[in-house]
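Just so it is clear, the values below take in all heavy atoms, side chains as well, and ignore hydrogens, waters and symmetry mates. In the text below, chain A, chain B and the rest are named by the order of the sequence lines, each starting its count at 1.
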Amino acid sequence: MPELPEVETTRLGLLPHLVGQQIQALILRRYDLRWPIPRQLPELLAQQRIKCLDRRAKYLLLTTSHGSALIHLGMTGVLRILAAPGEPGPHDHWDLRLENGWVLRYSDPRRFGCLLWQAPGQIHPLLARLGPEPLSEAFTGELLWQRSRGRKVAVKIFLMDQSNVVGVGNIYASESLFAAGIDPARAAGRISCIRYARLAVAVRDTLRRAIRRGGTTLHDFHQPDGQPGYFYQDLSVYDRQGQACRHCGAPIRQRQLGQRASYYCPHCQH
DNA sequence: AACGAATCCTGTGCGC
DNA sequence: TGCGCACAGGATTCGT
């Protein structure tokens with residue numbers, strides 16, 4: 001669920017609660033997320049003041065003077081900020097207790113998320129090979145065009161490859177390709193520079209609109225205050241197979257690409 | 001090198 | 001209503 005807009009929504013919701021706060025304790029209940037949580041993490045974070053909360057790709061970086069905690073939400077991870085936390089449920093894997101009594105609680109049924117550590121001046125291997133941020137100047141259609149020359153892979157797969165551009169997952173890849181009028185199954189290497197320029201604009205616009213709506217809630221995702229994201233109502237193609245295209249009225253189709261469901265309008269996308 | 005597929009987990013929703 | 005199966009928003013790793 002959590003693609004760039006959901007992670008950014010989480011970050012924005014947490015910012016006023018976390019930055020400047022001192023950490024009282026990190027309580028770990030399970031270590032076996034996607035990768036094991038480093039055992040020394042509670043020691044590294046205790047009594048430290050949170051300097052900033054940044055986002056790189058779909059990772060959140062919670063930074064103190066000792067280094068940064070790297071948080072990824074995987075498929076089903078949710079961060080909530082709680083004034084009066086109840087008893088933790090079976091999927092509440094860790095709590096970050098703050099000086100003021102509030103608690104940042106991480107919940108993740110599938111445990112595809114992670115909590116890792118990055119020392120100052122170092123770049124974690126998971127962050128090393130990431131492509132440009134889609135909302136930055138570095139992300140352009142020309143870059144996508146250059147990188148895709150000779151590639152036979154479907155453009156949707158190409159767009160979801162985090163070494164080409166970060167933050168775009170299954171939902172926003174489908175949505176952006178619809179907005180750009182490009183068939184998701186088309187070979188990435190057979191799309192013109194002009195059309196990639198259109199796609200880059202579509203990606204940026206789609207992500208920005210989704211952030212404004214607080215992300216997309218299909219099942220699990222919630223904002224830190226418990227609210228769902230409202231972009232679901234704005235989806236053009238994702239999860240709309242059989243329904244009328246909002247642009248031309250043709251029925252939206254679904255097909256498998258790279259073992260993942262893709263949604264598109266057969267009339268508007270070529 | 002590039003691509004396809006398996007993999008890590010649990011929950012849900014569907015068809016029978 | 002109960003059961004089994006397919007599938008789910010991510011992304012690394014492995015085999016061809």
Side-chain angles (χ1 to χ4, degrees), chain A residues 1-10 29-37 55-60 70-79 89-93 106-116 124-131 134 146-177 184-190 203 206-207 210-211 213-223 228-242 254-263:
Chain A
M1 87 176 69
E3 303 180 34
L4 186 148
E6 289 74 34
V7 178
E8 183 64 11
T9 295
T10 298
R29 300 190 191 83
R30 282 194 80 130
Y31 290 85
D32 55 339
L33 301 187
R34 172 77 198 261
W35 291 283
I37 299 177
R55 180 188 57 73
R56 172 71 174 114
K58 299 174 192 173
Y59 293 87
L60 288 172
L70 243 58
I71 305 165
H72 196 290
L73 302 176
M75 293 258 238
T76 51
V78 172
L79 283 168
H91 304 304
D92 296 334
H93 305 311
Y106 179 76
S107 174
D108 184 3
R110 286 176 78 177
R111 307 207 307 282
F112 283 0
C114 64
L115 174 59
L116 296 167
H124 196 282
L126 288 170
L127 303 187
R129 286 187 204 88
L130 293 173
Q146 279 170 6
R147 292 196 58 123
S148 62
R149 291 310 87 189
R151 299 288 305 273
K152 291 178 180 169
V153 71
V155 62
K156 176 173 176 260
I157 310 286
F158 177 81
L159 195 59
M160 289 170 65
D161 183 335
Q162 303 297 298
S163 67
N164 295 320
V165 58
V166 301
V168 181
N170 209 28
I171 294 177
Y172 299 109
S174 280
E175 291 298 309
S176 302
L177 286 162
R186 178 173 284 271
R190 301 199 51 210
V203 165
T206 302
L207 296 177
I211 292 168
R213 302 286 254 131
T216 302
T217 297
L218 288 180
H219 304 291
D220 310 294
F221 176 72
H222 286 272
Q223 304 186 40
Y230 296 101
F231 195 69
Y232 186 81
Q233 300 161 278
D234 294 28
L235 294 176
S236 296
V237 288
Y238 189 86
D239 204 27
R240 295 195 68 238
Q241 68 278 20
Q254 180 188 347
R255 66 171 288 190
Q256 290 296 118
L257 283 179
Q259 305 155 270
R260 236 148 239 267
S262 298
Y263 303 84

- Message: Judged by each residue's nearest nucleotide on DNA chain B, which is more toward the 5′ side, Gly258(A) or Arg149(A)?
- Response: Arg149(A)
- Item | From Val7(A), Thr10(A), Asp108(A), residue fulfilling side chain to side chain contact (heavy atoms under 4.5 Å, CB included) relative to Leu79(A) | Thr10(A)
Would you mind telling me which of [options] lies closest to the side-chain atoms of [X]?
| X | options | value |
| --- | --- | --- |
| Trp35(A) | dT12(C), dA11(C), dG10(C) | dT12(C) |
| Gln256(A) | dA5(B), dA11(C), dA8(C) | dA8(C) |
| Leu126(A) | dA8(C), dT12(C), dG4(B) | dT12(C) |

- Item | Approximate separation, where rounding is to 0.5 Å, of Ile211(A) CD1 and Leu4(A) CG |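 Separation between the atoms: 5.5 Å.
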- Query: CG of Asn164(A) to CD1 of Ile157(A): how many Å apart, nearest 0.5 Å?
  - Reply: 11.5 Å
- Item | N or O in side chain of Lys152(A) less than 4.0 angstrom from dC3(B) OP1/OP2 |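 Answer no for this pair, as no side-chain N or O of Lys152(A) is under 4.0 Å from OP1 or OP2.
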- Distance test, side-chain N/O of Arg151(A) to OP1/OP2 of dA1(B), below 4.0 Å: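 False: Arg151(A) side-chain N/O out of range (4.0 Å or more) of dA1(B) OP1/OP2.
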Rounded off to whole Å, could you give me the [atom1]-to-[atom2] distance for the [X] and [N] pair?
| X | N | atom1 | atom2 | answer |
| --- | --- | --- | --- | --- |
| Leu127(A) | dA11(C) | CG | P | 11 Å |
| Asp220(A) | dC9(B) | CG | P | 18 Å |
| Tyr172(A) | dA11(C) | OH | C1' | 18 Å |
| Ile171(A) | dG10(C) | CD1 | P | 7 Å |
| Arg260(A) | dA6(C) | CZ | P | 17 Å |
| Tyr31(A) | dC9(B) | OH | P | 18 Å |
| Tyr263(A) | dC7(C) | OH | P | 11 Å |

- Message: With rounding to the closest Å, how many angstrom separate the P atoms on dA5(B) and dA8(C)?
- Response: 15 Å
- With rounding to whole Å, what would you report as the distance between dA6(B) and dA6(C) at their P atoms? 13 Å
- Item | Aromatic ring of Phe112(A) stacked on base six-ring of dG10(C), 5.5 Å, 30° | yes
Short N/O separations, protein against nucleotides 11-13 of chain B, under 3.5 angstrom:
{"unit_1": "dG11(B)", "atom_1": "OP1", "unit_2": "His91(A)", "atom_2": "NE2", "d": "2.6"}

- Task: For atom CZ of Arg29(A), decide whether the heavy atoms of other residues, nucleotides or ligands shown that lie under 6.0 angstrom number more than 12.
- Result: yes
- Task: Count the heavy atoms belonging to other residues, nucleotides or ligands that lie under 6.0 Å from CZ of Arg149(A), then report whether that count exceeds 12.
- Result: yes
Taking the side chain as every heavy atom from C-beta outward, state whether [X] and [Y] have any pair of such atoms under 4.5 Å apart.
| X | Y | value |
| --- | --- | --- |
| Phe158(A) | Val153(A) | yes |
| Asp220(A) | His222(A) | no |
| Leu159(A) | Tyr172(A) | no |

- Item | Nucleotide paired to dC9(B) in any strand shown, Watson-Crick or G-U, under 3.5 Å |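 WC or wobble partner does not exist here.
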- Message: Applying a 4.0 Å non-hydrogen cut-off, can you work out what Arg111(A) is touching in the nucleic acid: base, sugar-phosphate, or nothing?
- Response: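 Result for Arg111(A) = sugar-phosphate.
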